[in-house]
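See structure below.
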There are 4 protein chains.
Amino acid sequence: MTKNKIKKAALELFVKGGYEGARLADIAAAVNIKPPSLYFHFESKEKLFIEVFDDLLNKRLDYLNTVRQELNELTSAKDQLRHIYNDYSARAKDNQDERVFWKRTALFPPNFLKERVRNDMIAYERQFEDVLVRPVLLWGMKAREIKRQDVERCIVAFISLTAAAFTEIHYSDPDTYRERLEILWDFFWDSIKS
Amino acid sequence: MTKNKIKKAALELFVKGGYEGARLADIAAAVNIKPPSLYFHFESKEKLFIEVFDDLLNKRLDYLNTVRQELNELTSAKDQLRHIYNDYSARAKDNQDERVFWKRTALFPPNFLKERVRNDMIAYERQFEDVLVRPVLLWGMKAREIKRQDVERCIVAFISLTAAAFTEIHYSDPDTYRERLEILWDFFWDSIKS
Amino acid sequence: MTKNKIKKAALELFVKGGYEGARLADIAAAVNIKPPSLYFHFESKEKLFIEVFDDLLNKRLDYLNTVRQELNELTSAKDQLRHIYNDYSARAKDNQDERVFWKRTALFPPNFLKERVRNDMIAYERQFEDVLVRPVLLWGMKAREIKRQDVERCIVAFISLTAAAFTEIHYSDPDTYRERLEILWDFFWDSIKS
Amino acid sequence: MTKNKIKKAALELFVKGGYEGARLADIAAAVNIKPPSLYFHFESKEKLFIEVFDDLLNKRLDYLNTVRQELNELTSAKDQLRHIYNDYSARAKDNQDERVFWKRTALFPPNFLKERVRNDMIAYERQFEDVLVRPVLLWGMKAREIKRQDVERCIVAFISLTAAAFTEIHYSDPDTYRERLEILWDFFWDSIKS
DNA sequence: CATGAATGAGTTTTCATTCAT
DNA sequence: TATGAATGAAAACTCATTCAT
């Protein structure tokens with residue numbers, strides 16, 4: 001389906017150049033159509049961006065629940081937290097484009113989307129904490145696997161783990177990246193385990 | 001001096017819209033001149049960006065040495081690390097614009113600068129580690145203030161502290177921001193102290 | 001029949017935006033089909049316009065004869081002229097759209113049709129004068145109902161009555177419109193009656 | 001001054017093709033500049049149209065007062081009315097372009113201006129009646145030069161004289177045009193004179 | 001130093017039109 | 001009959017840049 005191919009190409013180019021840096025001509029070329037043809041599928045460049053963003057938002061929101069399910073298979077809080085964290089070490093191209101698009105948009109949204117992005121992002125982060133991180137942490141504390149302490153502080157630490165991981169994507173080659181993720185994880189776990 | 005006013009305005013607008021999103025017309029307007037007048041001071045938009053970038057790079061490089069000096073006044077490794085970290089909690093507008101410009105450029109440099117930015121950034125990061133972080137950590141370990149452990153791992157942890165701090169700028173209001181920086185610091189210090 | 005629905009919708013939109021202002025997409029939408037479907041019925045936008053125009057031309061030409069017949073039922077020149085004039089006070093939506101289309105096309109034809117329109121219009125006007133206005137005026141003079149005078153001058157006056165009526169459509173609400181038509185008529189009749 | 005040359009060229013092309021039919025490329029070409037240069041002088045095509053329209057509106061509003069002055073030189077109501085009417089027989093190119101632009105815009109304004117045009121036009125018409133036509137008619141009646149009668153009806157008649165005159169511009173060659181204006185005038189004057 | 005005027009090279013967007021189904 | 005998908009041609013508009021003053 002052309003529409004999806006366009007969205008995929010668009011995501012890739014939005015990642016490379018941001019909203020303003022991505023030209024419709026390039027997006028069209030990536031799908032082997034001419035620029036005007038894009039307008040059969042999308043009202044405007046803005047709407048295209050929004051659809052890409054919304055798709056990803058929904059995908060991640062869904063993913064939250066998927067992960068939530070998967071956690072049930074795991075018996076220790078450590079494994080569960082690690083499973084959540086693992087999402088960040090997957091380095092398949094698509095996956096990574098999406099993650100960079102997500103972060104780029106979160107940090108530097110195109111002007112016309114500033115408001116919405118901010119709201120959606122905050123809502124997503126809240127879900128992430130409420131559905132995944134906090135329950136696991138609480139459960140781990142109850143099971144004495146994790147030191148009793150202020151959960152909210154632990155959450156802040158865990159979130160910043162993921163933030164740091166994202167930054168690393170840009171600086172490190174794949175191997176260093178994985179290595180560093182591991183280091184961060186160790187620090188984190190040592191800090192909170194009983 | 002007009003030239004500096006231009007650079008300051010440019011930095012601000014590059015922060016808001018990135019290289020492509022910032023229009024010379026806006027930069028000129030911010031300085032109360034017309035766009036052609038910019039060309040008296042700068043050869044081109046690219047050159048303007050580069051100058052802003054270089055200025056900041058040098059400023060930070062200088063700052064490294066300044067901080068290096070300041071560390072001598074401090075007697076504990078904890079205070080020293082904390083002093084380095086403190087740069088990140090200053091939240092004056094200028095300071096912050098610079099930090100965001102820095103990170104934005106590091107993460108999403110304009111295409112024409114990709115190469116140079118990457119190199120300069122890496123060089124800077126190395127300096128940061130070599131001049132400030134590593135020496136302090138080593139010294140702290142020697143003094144048994146910090147647990148004996150792999151220094152490089154500690155560096156990774158410290159660096160990611162600053163990365164996380166940056167991300168928080170975007171999400172949190174000033175108070176929350178400061179609070180979280182504190183939390184992260186506590187986690188970090190608890191992890192490495194003896 | 002779809003074809004006729006299209007023509008009706010087209011007429012309406014040509015009235016609103018002129019030839020260039022009317023978009024095939026809107027015309028199609030008004031008939032609940034998609035733009036490409038229009039091409040099953042018409043070769044091109046130009047051809048569509050021409051058909052609409054020709055239909056109307058023929059309709060009006062026919063109407064001339066109808067009116068000519070109807071005049072036979074009327075015994076005074078005054079009633080006859082008034083009957084001719086009455087066409088202009090009908091204000092049903094369709095009727096009016098047609099009149100505006102007619103005038104708009106007469107005054108500001110699309111470039112590609114300039115020649116034909118001019119010719120057809122002039123031919124129509126001549127018919128209007130030859131078949132309806134002049135005979136009635138002559139007959140009225142012969143019957144001493146109308147002052148003996150230069151018929152051609154009377155025709156000019158009568159024609160300008162209709163032109164003025166058209167302009168009023170745009171400026172006046174229905175009631176004012178009717179009222180003014182009446183005023184004009186009174187002036188006219190007083191001027192030419194015996 | 002380029003700006004004025006643009007406005008003049010624009011008026012001419014708006015007359016020929018209406019708002020949608022006039023292309024900026026043609027307007028630019030008429031002034032020997034490239035299309036983007038138009039944007040140095042006008043924000044957009046719409047704004048250009050609006051300025052042309054406003055200029056003309058003001059010009060005509062001024063003209064009303066000029067004519068008002070000139071009327072004082074004339075001693076009979078007949079001469080005065082005729083003087084008002086004469087404006088319509090001037091057939092210099094510029095003058096006529098303006099008149100056609102005026103009427104075209106009045107009758108078929110571009111969609112984005114519909115509201116404003118309607119209001120401005122009605123205001124202008126009112127001025128025309130209040131400042132010129134009604135006073136002269138009243139004065140003529142007082143002087144027994146004009147038959148005592150309902151002034152408002154006379155105004156309607158006079159206005160439609162001008163409307164009809166406008167329509168004639170499109171149909172007739174200059175000589176016929178002048179001849180018909182004369183005929184209409186005679187009818188009108190005969191109708192209202194004492 | 002600064003700017004008014006203009007422009008080249010794009011960029012998004014519109015729209016009538018085509019064509020395979 | 002009708003349409004989904006695509007396109008050519010052109011439209012308006014943007015923006016960095018130039019240049020004479």
Side-chain angles (χ1 to χ4, degrees), chain A residues 1-3 5-6 17 19-28 31-49, chain B residues 1-3 5-6 17 19-28 31-49, chain C residues 1-3 5-6 17 19-28 31-49, chain D residues 1-3 5-6 17 19-28 31-49:
Chain A
M1 201 188 164
T2 305
K3 185 162 187 176
K5 285 200 280 174
I6 294 173
Y19 178 75
E20 0 265 338
R23 286 168 317 173
L24 291 187
D26 290 341
I27 296 174
V31 192
N32 273 313
I33 59 175
K34 311 291 174 195
S37 307
L38 294 173
Y39 286 79
F40 177 77
H41 303 280
F42 303 91
E43 264 179 47
S44 66
K45 192 184 176 187
E46 292 196 357
K47 287 276 168 61
L48 168 56
F49 187 92
Chain B
M1 199 186 161
T2 305
K3 185 161 185 176
K5 285 202 281 176
I6 294 173
Y19 178 75
E20 357 266 338
R23 286 167 322 171
L24 289 189
D26 289 341
I27 295 173
V31 193
N32 273 314
I33 58 175
K34 310 293 173 190
S37 309
L38 294 173
Y39 287 80
F40 181 82
H41 304 279
F42 302 92
E43 259 181 53
S44 68
K45 191 184 178 186
E46 292 195 356
K47 287 277 167 58
L48 167 57
F49 187 91
Chain C
M1 199 189 163
T2 304
K3 186 160 184 175
K5 285 202 280 176
I6 294 173
Y19 178 75
E20 358 266 338
R23 286 167 324 171
L24 289 188
D26 290 340
I27 295 173
V31 192
N32 273 315
I33 60 176
K34 310 292 173 191
S37 308
L38 294 173
Y39 286 79
F40 180 81
H41 304 279
F42 302 92
E43 261 181 51
S44 68
K45 192 184 178 187
E46 292 195 356
K47 287 277 167 59
L48 167 56
F49 187 91
Chain D
M1 200 186 165
T2 305
K3 187 162 185 176
K5 285 202 278 176
I6 294 172
Y19 178 75
E20 0 265 336
R23 287 167 317 171
L24 290 187
D26 291 341
I27 296 174
V31 192
N32 272 312
I33 58 175
K34 312 290 173 193
S37 307
L38 293 173
Y39 287 81
F40 177 77
H41 303 280
F42 302 92
E43 264 181 46
S44 66
K45 192 184 176 187
E46 292 196 357
K47 287 275 168 62
L48 167 57
F49 187 92

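Only this structure's heavy atoms are used, side chains among them; waters, hydrogens and symmetry mates stay out. Protein chains get the first letters and strands the later ones, always in sequence-line order, with residue 1 at the start of each.
Going from atom CD of E20(A) over to atom C1' of dG10(E) covers 16 Å, rounded to whole Å. Atom pair E43(B):CD and dT17(F):C1' shows a separation of 12 Å (rounding to whole Å applied). In this structure, L48(B) places its CG atom 16 Å from P of dC15(F), rounding to the nearest Å. Atom CG of D26(D) is separated from atom P of dA11(F) by 8 Å (rounded to the nearest Å). Counting to the nearest Å, the P atom of dA12(F) and the CZ atom of F42(D) are 15 Å from each other. Here the P atom of nucleotide dA16(F) and the CG atom of L38(B) are 9 Å apart, to the nearest Å. Rounded to a whole Å, the OH atom of Y39(C) is 16 Å from the C1' atom of dT1(F). Per the geometry, CG belonging to L24(A) stands 19 Å off P belonging to dA12(F), to the nearest Å.
Summary of the strand contacts: S44(A) and N32(D) both lie near DNA chain E, and taking for each the nucleotide with the nearest heavy atom, the more 5' one is attributed to N32(D). Both I6(A) and P36(B) sit near DNA chain F, but only I6(A) has its closest nucleotide nearer the 5' end. In terms of position along DNA chain F, the nucleotide closest to F40(C) lies nearer the 5' end than the nucleotide closest to the other residue of the pair F40(C) and Y19(B). Checking A25(A) against P35(B), the closest nucleotide of DNA chain E that is more toward the 5' end is the one next to P35(B).
Note that CD of E46(B) and OH of Y19(B) are 4.5 Å apart. Values are rounded to the nearest 0.5 Å. Atom OG of residue S44(A) and atom CG of residue L38(A) lie 11.0 Å apart, to the nearest 0.5 angstrom. One distance of note links CD1 of I27(C) with CG of L48(C); it measures 5.5 Å at 0.5 Å rounding. Atom OG of residue S37(B) and atom CG of residue N32(B) lie 11.0 Å apart, to the nearest 0.5 angstrom. With values rounded to the nearest 0.5 angstrom, K45(D) atom NZ is found 6.5 Å from E20(D) atom CD.
Distance from the side chain of K34(C) is smallest for dT3(F) among the nucleotides dA5(F), dT17(F), dT3(F). The side chain of I33(D) has dA6(E) as its nearest neighbour among dT17(E), dT3(F), dA6(E). Listed nucleotides: dC15(F), dT12(E), dA6(E). Nearest to the side chain of R23(A): dT12(E).
A28(D) comes within contact range of no nucleotide atom at all, as no heavy-atom separation falls under 4.0 Å.
For the C1' atoms, the distance linking dC1(E) with dT21(F) amounts to 13 Å, nearest Å.
For dA12(F), one of the phosphate oxygens OP1 or OP2 lies less than 4.0 angstrom from a side-chain nitrogen or oxygen of K45(D). The side chain of S37(B) contributes no N or O atom lying less than 4.0 Å from OP1 or OP2 of dC1(E). Side-chain nitrogen and oxygen atoms of T2(B) include none within less than 4.0 Å of the OP1 or OP2 phosphate oxygen of dC1(E). Listed pair H41(D) / dG4(E) fails the phosphate criterion, with no side-chain N or O lying under 4.0 Å from OP1 or OP2.
Annotation: cation-pi geometry not satisfied between K47(B) and Y39(B) (NZ/CZ under 6.0 angstrom from ring centroid, within 45° of ring axis).
When the shell of 6.0 Å around NZ of K3(C) is examined, it contains more than 12 heavy atoms from other residues, nucleotides or ligands.
Of all heavy-atom pairs spanning K34(C) and A28(C), the tightest one is C-CB, 3.7 Å.
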Under a 3.5 Å cutoff on both atom distances, Watson-Crick or G-U, what's the dot-bracket for DNA chain E ([ ] crossing, | other strand)? .||||||||||||||||||||

